[in-house]
Amino acid sequence: MKWSVDLKGTLSPLSIITAFWLKPNTIAYPAVKKETAKGYRGFHTNFLADCIGCANCQDVCMNDAIDMIKTDKEYNSKNTSQCIPRIDYGRCCWCSLCTDVCPPNSLKLEDDYLNVTKHASDFLYMPKDKE
Amino acid sequence: MENKHITIFHGPQHPGITGNMSIELDLIGETIQKATTHVGYLHRGFEKLIERRTVIQAFTIVCRICVPEPDPNEANFAMAVEELAGLEVTPRAQYIRVMVLELSRLAAQFLWMAGQSGSIGLYAVGQWAIADRDLILDLFEELTGARVYHMYIYPGGVRRDLPEGFLERVTTLLIYMKKRLKDYDDIFINNASFKNRAVGVGIISKEEAVANGYVGQVLRGCGIKADVRKDAPYLVYNELEFEVPTQTTGDVYARALVRRAEMDQSLHILDQVVRKMPEGKVMIKIPTHRKFKLPKDDTWVKVESARGEFAYYMAGDGSEKIRRMQVRGPSLVHAYTLLEDLLIGAELSDVALIMNSLGICPPEIER
Amino acid sequence: MEHNGFLLEQKTLEGDLNSDTSHKNSVDFLMNWFRKRSIFVLAYGTGCGAIEMPPTFTSRYDAERLGIRGAATPRQADVIIVSGYCSYKTLRRIIRTYEQMSNPKYILALGSCTVNGGMYWDSYNTIKKLEDYLPVDMYVNGCMPRPESILEGFIALQKEIGEGKASSWKKYEENYEFYRKNQEAILGKKVEPSYDADWYLYDGGL
Amino acid sequence: MFNEIKQRFATDDVEVKRNDLYKVRIKYSRLFELMHMLRDEYDYKTLNAITCTDWIEEGHFALTYMLTTEDRKYTFMIQTMINREDAQAKTLSHEYKQAQIMERDLHEMYGIDFPGNENLKELSLESWVHTPPLRREFDTLEFVTNHLIFREGREDNVDTKAETKRLRAEKKAQKSKDEEVKDGK
């Protein structure tokens, strides 16, 4: 390898100095929070007044992430199996196929996505009852 | 003092490696005598998992095959399924697909730029390039609902229509990028330290490139105008106007110039896509996931990814599951046949440089 | 030579440092404060999640503001990020790398795959529960986690370190038999990769 | 070209899949002859990929060779069947350099032997002793349940179909009981 004199190539990188006058593009995260876009695929919500317990979401989930369970919550009278979905976030990949196949459109994804925990058992998640 | 013959592992834990893979290097002094690639650190058995899932279920897993650039996989999968099932996609969906593919190509080139500059110690370029790539990811987030794994291009169309005002935001980004790319020329492509490191390193001859089935920038870097978008146009690429940039020297620098020129072409294509975007539906009606059946037939589809031809072989067997899907990404041959060849006689310090210029992406080698 | 991983070597080197670090006096408090403000992350992208690490560590999200930055070698690193799924072959390397890291050391696990297998729950080549093989300090949710999530994970880890609670490496040493048994169950008797980084020891040194 | 192939190799199984994709099925014994013909006379110079499909019901593997022209415009798929038990195919690694790694991949995933290929070491698996994973008889879920443990805490999953049936039956029983009570009155 030999070094050849390349004046343009040597001087042009110095234009990076002009970047001193640029506005920083950093999002100072904990202080400044960037809003997620509309329709971001975050955690699940399940509007219980609509949920019919059909287990379509469980059927379509290729990750086996959805359990249909019984809880002491009050259900929709149309809920034939008296079960509602619970999501295992140790499996979920946020593909939103489950929300696509939901017949009454009660299962949705919200824009919240933060869950940081020491305990792996915290990843079993009951969707919030939210329209 | 006589130099000793030593063997070292370059990777998997190494800052100068493109992902989780390793190269076993036999060295005398700093000169490489023999290179052996090792992969498998990311083997997940995609091809087996896809056989277990129905078509609709398998669609979510294919984008994981190549992490830096998931969209060509989705497009490939959707195109293969559509070809087997005999579906026709609406023009608007096709244009949106082209837009997504070109945006992801641009994003992948920025990621490459960060890696390539990092491999010779120009870290400022990486800081800029990753930040500019994030602007594209922001657009993706708005369009698809996720930053990296979009799961957006679906058999039968795309999953969502464009949000309101999206095309204007793409145009704004294009104007910014056009201006911004000149800065990269100044600090990276024309940089004397990059030129001196890259010119004449990792030279590939034309004959070898053709015979051994190399693709993408490796081919175009040694003067062959090969691009799937031109050779076998898919989607609506035959309605769009663009060029296939080539170089003749076949070294690392030539490949860098080709990639840089491709970024300009991507911007040019996006410009046309935004102007030509037709109205209409984005999704045709397809059967539900238990009823979506593929006939007993096979096909071979390919798209041009940011690193070259990306092809899928898909065979159906009359059931709702895919019998076999083989992924033939650009990296398999590049990482073995090409890299092992190129590294012989190279310096230890050039390993990262050469590797980055080939754009090797391990998750797609072992799948 | 008896092959016991790097654990043995480390014990002889750092025997005293392994004493209780939950702060009882101001020196411990100061130590924890220092540790929490300078986290060096090993540059090892073990899986998908590694693609969100460049944005986290470069100018857009700029983790260096919080004292978090990359380190090239395990000996200089404090944190190893297991970014997503972990194939058997990688697990060997992660175990080796982890054992090479000097105390105190922490593991940050990203994504669904480290919790319960994630997307690859039926794959024959990936592990399902990372905590069986290595002690995990913090799990971050997502597939893959956004840079904000990763930063949040680091902030939570810093808090733990500051309070002197993050002590997974001690857990690893105390329960070494348990972890080793699990590792051997899937990797076979020889957990380390077949090549040996200690070649100079056998070779008589440089 | 198709006529020549049909005549010389006595096969009718040539189809045009797309305007740039052709496919021919051929006996294994004539495979390499055809490949050489395509390479020498019709410019199909590059071997792009070798794939294998497991047709376990019919007892064979379908090996597919993808040949591409020099200008990368046309692809020819040549498919041949080999016996599933003790599968074997001649190596192409001496003619096409890239065939070595593709064959190595197939050898690992399907257990097909390629005599003449010097480098058939394991590729992505490490010390694998079970059935080659991509063969159909290898059940990955069974392997996983035998070798690994999933996270506990999900045992309360209810089979909704059975539960619906049970609830319906219960309701019915309740109803008939009510009616009985009514009738009894």
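Within every chain, numbering begins at 1; the chains are lettered A, B, ... in the order of the sequence lines, protein sequences first and strands thereafter. These numbers come from the heavy atoms of this one structure, side chains and all, not from hydrogens, waters or symmetry mates. Computed from a prediction, not measured in an experiment: that's the story for all the values here.
For the atom pair CG (L14(A)) and CG (N191(B)), the distance works out to 9.0 Å, reported to the nearest 0.5 Å. Within the model, atoms OG of S15(A) and CD1 of I187(B) stand 7.0 Å from one another, a figure rounded to the nearest 0.5 Å. How far CE of M151(B) is from CH2 of W94(A): 10.0 Å, rounded to the nearest 0.5 Å. Rounding to the nearest 0.5 angstrom, the gap separating the CG atom in N25(A) from the CG atom in L135(B) is 7.5 Å.
Interface residue S96(A): backbone and side-chain heavy atoms are both found under 4.5 Å from chain B. Neither the backbone nor the side chain of F188(B) comes within contact range of chain A; no heavy atom of the residue lies under 4.5 Å from a heavy atom of that chain. Of the two parts of T26(A), neither the backbone nor the side chain holds a non-hydrogen atom closer than 4.5 Å to a non-hydrogen atom of chain B. Neither the backbone nor the side chain of D183(B) comes within less than 4.5 Å of any heavy atom in chain A. Using a 4.5 Å cut-off between heavy atoms, I27(A) makes no contact with chain B at all. Residue F140(B): no heavy atom, backbone or side chain, is found under 4.5 Å from chain A. With a 4.5 Å cut-off on non-hydrogen atoms, I61(B) does not touch chain A at all.
Q57(B) and D59(A) get closest at one heavy-atom pair: NE2-O, 3.4 Å. Among all heavy-atom pairs drawn from T60(B) and C95(A), the shortest one is CG2-CB, 3.4 Å. Contact record, A19(A) with W128(B): CB-CZ2, 3.6 Å, taken as the closest heavy-atom pair. In plain terms, the two heavy atoms of A124(B) and I16(A) that are nearest each other are CB-CD1, 3.5 Å. Residues N63(A) and R53(B) share a closest heavy-atom pair of OD1-NH2, 4.1 Å.
Remark: the backbone N or O of A37(A) is paired with a side-chain donor or acceptor of E141(B) at under 3.5 angstrom. Looking only at distances, no side-chain donor or acceptor of R52(B) sits under 3.5 Å from a matching main-chain atom of M62(A).
Applying the 6.0 Å contact sphere to NZ of K281(B) captures no more than 12 heavy atoms from other residues, nucleotides or ligands.
Of the residues considered (R64(B), R147(B), E347(B)), R64(B) shows the highest number of contacts with chain A, using heavy-atom pairs under 4.5 Å.
Here the side chains of D100(A) and H289(B) are not in contact, with every heavy-atom distance at 4.5 Å or above. Using a 4.5 Å cut-off on side-chain heavy atoms (C-beta onward), K34(A) and D138(B) make contact.
Side chains of R41(A) and T144(B): a donor-acceptor N/O pair is absent below 3.5 angstrom, by distance only.
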Item checked: side-chain contact (heavy atoms from CB on, under 4.5 Å) between R159(B) and L97(A), worked out -> CA-CA 10 Å; R159(B) 290 178 90 185; L97(A) 278 184; 3.8 Å; yes
